[in-house]
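What follows is a set of notes on a single structure, which appears directly below.
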Amino acid sequence: MTCLWRATTLAAVLAVGIASSAFAQAPTPGAPPPPPAPKAATPAPNKDTSGVDVTLTPRTIIYMKGNGSWDNALETLQDAFKSVYAFLDKQGIQRAGPPMTIYTEFDDTNFQFQAAVPIAEAPKDPPKGDIAVGQTPAGKALRFAYKGSFHQMEDTIYNAIPEYLDEKQLDPSGTFIEEYQSDPVTTPEDKFDIQIYVLLK
């Protein structure tokens, strides 16, 4: 299966590192067992890489289409959301769900996206220009939870997802969605709370 994300090398290195660490910590025969580690030092299980099967239904959205590079992805998305918010406020349109980024095409350096906000129904006077009315992707998907730094997502969740898909022998469709549980414009960079949806074939 073709990997859809920018890098998987770090995940492989991490897996090897964990295995090596576990091997290195194995007790030597005849040696006294090491003292148990304090409970506070034991990390909580990482549930971020466990996909949950979901079926997405289409929702009406106001969105701004754009493209950018991964190096300044957050700034690009924030600018797009600011434009969408300004349109909604000007037209008096109420939001009907968390904002989301729908990634439609991407490679190792660049991506195309829709910065979208769900609304209850399409406005009578539809927007023109860069902002449009549309529908979210629908169908079977896997949902992954992520909390932390936006800039660390590639090194953590997005390196783990392809491995999870390979393990489960699932094929992604080529579209994925980041749904922000807090405002992506005002949330501190290291405090993001995101539901990631990977659409499946």
Side-chain angles (χ1 to χ4, degrees), residues 4-6 48 51-52 54-154 156-158 161 172-200:
L4 296 179
W5 289 271
R6 291 177 281 164
D48 293 346
V52 176
V54 296
T55 300
L56 300 179
T57 56
R59 290 186 285 171
T60 303
I61 52 173
I62 294 282
Y63 70 91
M64 182 173 184
K65 183 185 295 186
N67 57 75
S69 70
W70 294 114
D71 290 339
N72 57 2
L74 180 57
E75 293 79 6
T76 299
L77 295 175
Q78 287 175 330
D79 287 343
F81 279 114
K82 288 176 183 177
S83 297
V84 174
Y85 292 170
F87 175 82
L88 294 175
D89 292 343
K90 182 178 180 180
Q91 299 297 321
I93 299 173
Q94 296 295 317
R95 305 179 194 182
M100 65 183 72
T101 298
I102 303 168
Y103 294 91
T104 54
E105 292 185 29
F106 38 87
D107 55 29
D108 287 348
T109 55
N110 301 302
F111 64 97
Q112 296 181 16
F113 68 92
Q114 297 173 357
V117 174
I119 56 176
E121 59 183 359
K124 295 179 180 179
D125 185 15
K128 299 177 178 63
D130 294 334
I131 297 178
V133 177
Q135 296 281 312
T136 59
K140 292 184 178 181
L142 287 176
R143 184 182 68 214
F144 298 85
Y146 174 80
K147 291 183 180 181
S149 166
F150 185 92
H151 293 128
Q152 295 298 318
M153 291 174 67
E154 179 182 342
T156 53
I157 190 69
Y158 279 128
I161 288 175
S173 68
T175 298
F176 69 99
I177 302 169
E178 290 175 358
E179 184 181 80
Y180 308 106
Q181 305 308 298
S182 56
D183 188 349
V185 174
T186 59
T187 298
E189 184 279 328
D190 61 342
K191 301 293 184 183
F192 270 72
D193 183 355
I194 304 175
Q195 298 290 319
I196 299 169
Y197 295 89
V198 180
L199 278 293
L200 302 175

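Scope of the values below: all heavy atoms of this structure, side chains included, with no hydrogens, waters or symmetry mates.
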Ile62 and Pro127, any side-chain heavy atoms less than 4.5 Å apart: yes
Step-by-step side chain to side chain contact (heavy atoms under 4.5 Å, CB included) determination, Gln152 to Glu154: CA-CA 6 Å; Gln152 295 298 318; Glu154 179 182 342; over 6 Å; no
Heavy-atom side-chain contact between Gln181 and Ile194 under 4.5 Å: no
Nearest heavy-atom neighbours spanning Ala115 and Val84: O-CG2, 3.5 Å
Side-chain heavy atoms of Ile119 within contact of Leu88, under 4.5 Å: yes
Criterion side chain to side chain donor-acceptor pair (under 3.5 Å) on Gln114 and Thr101, from CA distance to verdict: CA-CA 6 Å; Gln114 297 173 357; Thr101 298; over 6 Å; no
Check: Met153 and His151 side chains under 4.5 Å, non-hydrogen atoms: no
Smallest separation among heavy atoms of Tyr85 and Pro99, with atom names: OH-CG, 3.7 Å
Side-chain touch Leu74/Phe192, heavy atoms, less than 4.5 angstrom: yes
Side-chain heavy-atom pair Val185, Tyr180 within 4.5 angstrom cut-off: no
Phe144 vs Phe176, ring pair (Phe, Tyr, Trp, His ring centres under 6.0 Å): CA-CA, chis, key distance, verdict: CA-CA 11 Å; Phe144 298 85; Phe176 69 99; over 10 Å; no
Stepwise side chain to side chain contact (heavy atoms under 4.5 Å, CB included) check, Tyr63 with Met100: CA-CA 9 Å; Tyr63 70 91; Met100 65 183 72; over 6 Å; no
Inter-residue atom distance Lys140.NZ - Ser173.OG, 0.5 Å rounding: 13.0 Å
Residue pair Ala80 / Phe113: nearest heavy atoms and the distance that separates them: CB-CE1, 3.8 Å
The single option from Ile177, Leu142, Ile157 passing side chain to side chain contact (heavy atoms under 4.5 Å, CB included) against Ile196: Ile157
Check: Arg59 main-chain N/O paired with Thr136 side-chain donor or acceptor under 3.5 Å: yes
Enclosure of Glu121 CD (heavy-atom neighbours >12, cutoff 6.0 Å): no
Heavy-atom pair with the smallest gap, counting every atom of Phe111 and Ser69: CE2-O, 3.4 Å
Heavy-atom pair of closest approach, residues Ser83 and Ile131: O-CD1, 3.6 Å
Flag, side chain of Glu189 to backbone of Phe150, donor-acceptor distance under 3.5 Å: yes
Gap separating the CD atom of Gln78 from the CG atom of Asn72, nearest 0.5 angstrom: 11.0 Å
Closest non-hydrogen atom pair between Pro123 and Val133, with its separation: CD-CG2, 3.8 Å
Criterion side chain to side chain contact (heavy atoms under 4.5 Å, CB included) on Phe106 and Trp70, from CA distance to verdict: CA-CA 9 Å; Phe106 38 87; Trp70 294 114; 3.7 Å; yes
Heavy atoms of other groups near Asp130 CG, more than 12 under 6.0 Å: no
Candidates Thr175, Ile102, Leu56 - the one meeting side chain to side chain contact (heavy atoms under 4.5 Å, CB included) with Tyr197: Leu56
Heavy-atom check, side chain of Ser149 versus side chain of Thr156, under 4.5 Å: no
Any Gln112 side-chain heavy atom under 4.5 Å of Lys65 side chain: no
